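All heavy atoms count here, side chains included; hydrogens, waters and symmetry mates do not. Note that the structure is a prediction, hence the values are computed from the model and not measured.
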There are 2 protein chains.
Amino acid sequence: MKQLAKIFKALSDTNRLRIMRMLDKRSLCVCEIREILQLATSTVSAHLSILKEADLIVDDKDNKWVNYSLNTNSKNPTVKKILALVLHEGKSDQDFQEDLEKIITVDRTNICGS
Amino acid sequence: MKQLAKIFKALSDTNRLRIMRMLDKRSLCVCEIREILQLATSTVSAHLSILKEADLIVDDKDNKWVNYSLNTNSKNPTVKKILALVLHEGKSDQDFQEDLEKIITVDRTNICGS
DNA sequence: ATTACATTTCGTTAGTTGTCGAAATGAAAG
DNA sequence: CTTTCATTTCGACAACTAACGAAATGTAAT
């Protein structure tokens, strides 16, 4: 598939849009995202894989966790523009604001493996 | 579905991206698009319906034809930004340039109903 | 080395999507 | 009012997707 279509497909799912906006707040590991979205770990992992494949996020191994974050340094100028658009749009969405509240309290050492 | 996810889903298909870029050249009817994309008429109609539902294009009845064009006057500022992004990206894509060549020669009075 | 544990991969399932051809719709012309 | 013809809707089908739990992977600490 063409890269632009791939980017749009990656962002065509509400859960993946929620992930993008959560990552704008801070880096998160798989189980933190699982906790907030209330999905199976394997499902979250699959979503992250799709976003990564579209060059929208990057991962960074840290101890036993994998931290995912937005690919703000992408060489692809289109990615930068779309990132700005998606994140700006999130500011006026009440549902996403609720996710952001949860990010503040969520703690990977408590919730992972529960 | 949320409006932004709907817009991204509409643009996640290569044929629909091609349609968007063709419409940037000029308004087209269903059978002109069918001729260029080499798809069934009903398939093209379905694609146009999805783009219209996402507020990306508008239709305008003219005699026995329905002219489709880009919704450049959308009240949704996100639509305007995405339109600019999609069309700009198309300029550096050889495949889309070939579609544009065909638009110049295609004539609805010849090809429709053939 | 073995255990513990976060993550990924695999196999499955229900639901969605892109595609087609045939039938229905609707509007203009005869 | 019947025909014509561009378009839409319908019904079918193959391919793809999001979701899950279970099994595999990999890494850090015991």
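When the P atom of D/dT7 is taken as reference, atom CG of B/Asp59 falls 11 Å away, rounded to whole Å. When the P atom of D/dT8 is taken as reference, atom CH2 of B/Trp65 falls 15 Å away, rounded to whole Å. Taking atom CG of residue B/Leu48 and atom P of nucleotide C/dG18, one finds them 13 Å apart after rounding to whole Å. Between the P atom of D/dA18 and the CG atom of A/Leu51 lies a distance of 10 Å, rounded to the nearest Å. Put simply, CE on B/Met1 is 13 Å from C1' on D/dT17, counting in whole angstrom units. Whole-Å rounding puts the A/Arg18 CZ to D/dA18 P distance at 15 Å. When rounded to the nearest whole Å, the span between CG of A/Leu11 and C1' of D/dT17 equals 16 Å. When rounded to the nearest whole Å, the span between CG of A/Asn110 and P of C/dA6 equals 11 Å.
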For nucleotides 20-22 of chain C, print each protein N/O atom paired with a nucleotide N/O atom at under 3.5 Å, atom names and distance only.
| unit_1 | atom_1 | unit_2 | atom_2 | d |
| --- | --- | --- | --- | --- |
| C/dC20 | OP2 | B/Ala40 | N | 2.7 |
| C/dC20 | OP2 | B/Thr43 | OG1 | 2.8 |
| C/dG21 | N7 | B/Ser42 | OG | 3.3 |
| C/dG21 | O6 | B/Ser42 | OG | 2.9 |

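Dashed line: the shortest gap from a side-chain N or O of B/His47 to OP1 or OP2 of C/dT17 is not under 4.0 Å. Put simply, A/Tyr68 has no side-chain N or O that comes within less than 4.0 Å of OP1 or OP2 on C/dA6. Between B/Arg34 and D/dT7, a side-chain N or O to OP1/OP2 separation shorter than 4.0 Å is absent. For B/Asn67, no side-chain nitrogen or oxygen approaches OP1 or OP2 of D/dA6 to under 4.0 Å.
Of all heavy-atom pairs spanning A/Cys29 and A/Trp65, the tightest one is SG-CD1, 3.7 Å. For A/Arg16 against A/Lys9, the heavy-atom pair with the smallest separation is NH2-O, 3.3 Å.
Along DNA chain C, the nucleotide closest to A/Lys9 and the one closest to A/Lys64 are compared, and the more 5′ of them pairs with A/Lys64.
Residues B/Lys52 and B/Val58 have side chains not in contact (no heavy-atom distance under 4.5 Å, counting atoms from C-beta outward).
For B/Asn63, whose side chain is taken as the heavy atoms from C-beta onward, the closest listed nucleotide among D/dA18, C/dT7, C/dA28 is C/dA28. Nearest nucleotide to the A/Val30 side chain, out of D/dA19, C/dT8, D/dA18: C/dT8. Between C/dT9, C/dG18, D/dT7, one nucleotide has an atom nearer to the side chain of B/Arg16 than all others, and that is C/dG18.
Side-chain polar atoms of A/Asp107 and A/Thr109 form a donor-acceptor pair below 3.5 angstrom.
In this structure, A/Lys64 has no side-chain contact (heavy atoms from CB on, under 4.5 Å) partners at least two apart in sequence or on a different chain.
A side chain to side chain donor-acceptor pair (under 3.5 Å) with A/Asn67 is found for exactly one of A/Lys61, A/Arg108, A/Arg26, namely A/Arg108.
Here CG of B/Leu37 is found 5.5 Å from CD1 of B/Ile19. Values are rounded to the nearest 0.5 Å.
Residue contacts for B/Ile50: at a heavy-atom cut-off of 4.0 Å it reaches the sugar-phosphate backbone alone, with no base atom in range.
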